[in-house]
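Side-chain atoms are counted along with the backbone in the values below, which use heavy atoms only and exclude waters and symmetry mates. Predicted, not measured: the structure shown is a model, and the values here were computed from it.
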Amino acid sequence: MKLRRSLLFVPGANAAMVSNSFIYPADAIIFDLEDAVALQEKDSARLLVAHALQHPFYRERESIVRVNPLDSEFGMADLHTIIRAGVDIIRMPKTETARDVIDMDNAISEIELACGRSPGTTAILAAIESPLGITQANQIATASKRLMGIALGAEDYVRNLKTERSPQGTELLFARCSILQAARAAGIQAFDTVYSDSENDAGFLREAALIKQLGFDGKSLINPRQIELLHNLFAPTEQQVEQARRIIEAAQEAEQCGLGIVSLNGKMIDAPVIERAKMLLERAKSGIREEQEGENL
């Protein structure tokens, strides 16, 4: 799967940010036409983002656009304009059922056909932001071949739970696990919500470490400074890389010798460990960090 650790939100009505966000090393840019844009700026923001998508620098970066809901007065206009501009991924807001994904898939298919874009080239990222959506996560995750991932939107979810976000994130644990399990069962990616206190680096790192341990592929961000923090956290250490290389070498040697059992330093290495080593080496291509005490593969 494509490396998507950091998904940086950019307000679609902010001309300065839309025009130069390619300077930030996020794995993907999310241009926001929904919550971050006032009603009176919806049309101008749409055109601003569409123009930016055609810039050569953005052609080199994976682009995501969070559109307005299809049942709003802006949803279809967003889709028509953004798909024609060449967006890579449509982020669906407030996804609650498989039907929501199917309707979005059908709408995208019609637009691709109308504008001559190759069928199926526009992917979908479904944001789940309600208790109903969480209970339907498994159905949502398998609703469309276009679906490359599902993401948690915590602010609306927590409000609907009639609680508030805490530093520990206890209120989000069930939602995070539900999204992660649904994504893994469907063979797609899972992304965590934004950390709303953009100036609290320590709090951000605690939350990022938690979602990494849970198994998320990446996290939505609202502050460019968080990109480097997140990438460093997700990067393996040199010791982990060396151990992964030894595991892969042992597996290759066993295969060449026709052995059904792989061993390293007297310990049996099973298939999940080998697969994890391959994934770690793939992540290492994007950077290696200094080792912290107590870390292992």
Side-chain angles (χ1 to χ4, degrees), residues 6-24 26-96 100-101 103-104 107-108 110-112 114-115 117 122-130 133 151-160 165 191 193-199 219-227:
S6 55
L7 312 179
L8 179 65
F9 268 107
V10 174
N14 188 320
M17 290 192 68
V18 169
S19 64
N20 66 15
S21 290
F22 58 79
I23 67 174
Y24 301 118
D27 293 326
I29 302 292
I30 305 177
F31 296 104
D32 190 5
L33 298 179
E34 195 214 8
D35 285 348
V37 179
L39 289 177
Q40 64 270 24
E41 296 182 306
K42 294 286 188 183
D43 294 334
S44 59
R46 182 187 310 119
L47 295 176
L48 185 65
V49 170
H51 179 73
L53 288 173
Q54 298 172 70
H55 192 286
F57 287 123
Y58 280 122
R59 293 292 191 185
E60 300 172 1
R61 183 72 55 83
E62 186 168 58
S63 61
I64 305 172
V65 175
R66 177 162 75 171
V67 298
N68 289 279
L70 283 183
D71 58 2
S72 73
E73 61 179 299
F74 307 106
M76 286 304 299
D78 289 346
L79 279 186
H80 277 279
T81 302
I82 295 305
I83 291 173
R84 284 175 165 80
V87 69
D88 297 310
I89 301 169
I90 296 292
R91 178 165 170 139
M92 293 178 56
K94 301 175 177 60
T95 311
E96 293 193 314
D100 293 337
V101 179
D103 289 344
M104 177 63 75
I108 293 173
E110 291 179 6
I111 297 170
E112 286 179 339
C115 70
R117 186 165 175 173
T122 310
I124 296 174
L125 170 59
I128 300 177
E129 308 177 47
S130 70
L152 175 62
E155 299 306 325
D156 285 345
Y157 173 72
V158 167
R159 186 184 69 249
N160 289 331
R165 293 185 69 174
F191 304 98
T193 187
V194 300
Y195 184 76
S196 53
D197 187 355
S198 61
E199 300 302 317
K219 187 171 180 63
S220 300
L221 308 177
I222 56 174
N223 190 322
R225 190 179 68 250
Q226 296 171 334
I227 299 171

*Any chance you could measure Glu129, atom CD, to Thr95, atom OG1, to the nearest 0.5 Å?*
7.0 Å

*Stepwise, does the side chain to side chain contact (heavy atoms under 4.5 Å, CB included) test hold for Phe74 with Leu39?*
CA-CA 9 Å; Phe74 307 106; Leu39 289 177; 3.7 Å; yes

*Non-hydrogen atoms of Ser130 and Glu96 that approach each other most closely*: OG-OE2, 2.7 Å

*asked:* Let me confirm one number: the NZ-CG distance from Lys219 to Asp27, rounded to the nearest 0.5 Å.
replied: 14.5 Å

*Please work out whether the ring planes of Phe57 and His55 are parallel, tilted or perpendicular, with thresholds of 30° and 60°.*
parallel

*asked:* If you compare all heavy atoms of Ser63 against all heavy atoms of Gly86, which two are closest, and at what distance to 0.1 Å?
replied: OG-O, 4.4 Å

*asked:* What's the separation between atom OG in Ser19 and atom OH in Tyr58, rounded to the nearest 0.5 Å?
replied: 6.5 Å

*asked:* Minimum heavy-atom separation for Leu221 and Ser6, please, with both atom names.
replied: CD1-CB, 3.7 Å

*If you measure from OH on Tyr157 to OG1 on Thr193, what distance do you get to the nearest 0.5 Å?*
11.5 Å

*Applying side chain to side chain donor-acceptor pair (under 3.5 Å), name anything that partners Asp103, two or more places apart in sequence or on another chain.*
Arg99

*So Met104 and Leu79, side chain to side chain contact (heavy atoms under 4.5 Å, CB included) or not? Walk me through it.*
CA-CA 9 Å; Met104 177 63 75; Leu79 279 186; 3.6 Å; yes

*Knowing that exactly one of Ile64, Ile30, Val18 qualifies, which makes a side chain to side chain contact (heavy atoms under 4.5 Å, CB included) with Val10?*
Val18

*Closest non-hydrogen atom pair between Leu33 and Lys42, with its separation*: O-NZ, 3.0 Å

*asked:* Taking the basic N atoms (NZ, or NE/NH1/NH2) and the acidic carboxylate oxygens, is any pair closer than 4.0 Å for Glu34 and Lys94?
replied: yes

_OG on Ser198 to CD1 on Ile222, rounded to 0.5 Å_ = 5.0 Å

_Show, in sequence, the C-alpha distance, side-chain angles and deciding distance for Arg66 and Phe9, and conclude whether the side chain to side chain contact (heavy atoms under 4.5 Å, CB included) test is met._
CA-CA 9 Å; Arg66 177 162 75 171; Phe9 268 107; 3.9 Å; yes

*For Ile83, does its backbone N or O pair with a side-chain atom of Arg117 as donor and acceptor, under 3.5 Å?*
yes

*Which heavy-atom pair separates Ala45 from Val37 by the least distance, and what is that distance?*
CB-CG1, 3.9 Å

*In sequence, state the C-alpha distance, the side-chain angles, and the governing distance for Leu8 and Ile227, and then conclude on side chain to side chain contact (heavy atoms under 4.5 Å, CB included).*
CA-CA 8 Å; Leu8 179 65; Ile227 299 171; 4.1 Å; yes

_Using every non-hydrogen atom in the two residues, find where Ile90 and Thr122 come nearest and quote the distance to one decimal._
CG1-CG2, 3.8 Å

*About how many Å separate CG of Asp35 and CD of Glu155, when rounded to the nearest 0.5 Å?*
10.0 Å

*Taking only residues two or more places apart in sequence, or in another chain, which ones meet Arg159 in a salt bridge (Lys or Arg N to Asp or Glu O under 4.0 Å)?*
Asp156

*Measure from the side-chain N and O atoms of Arg84 to the backbone N and O of Ala50, and report whether any donor-acceptor pair falls under 3.5 Å.*
no

_Between Asn68 and Ser72 (side chain of the first, backbone of the second, donor and acceptor by atom type, cut-off under 3.5 Å), is there such a pair?_
no

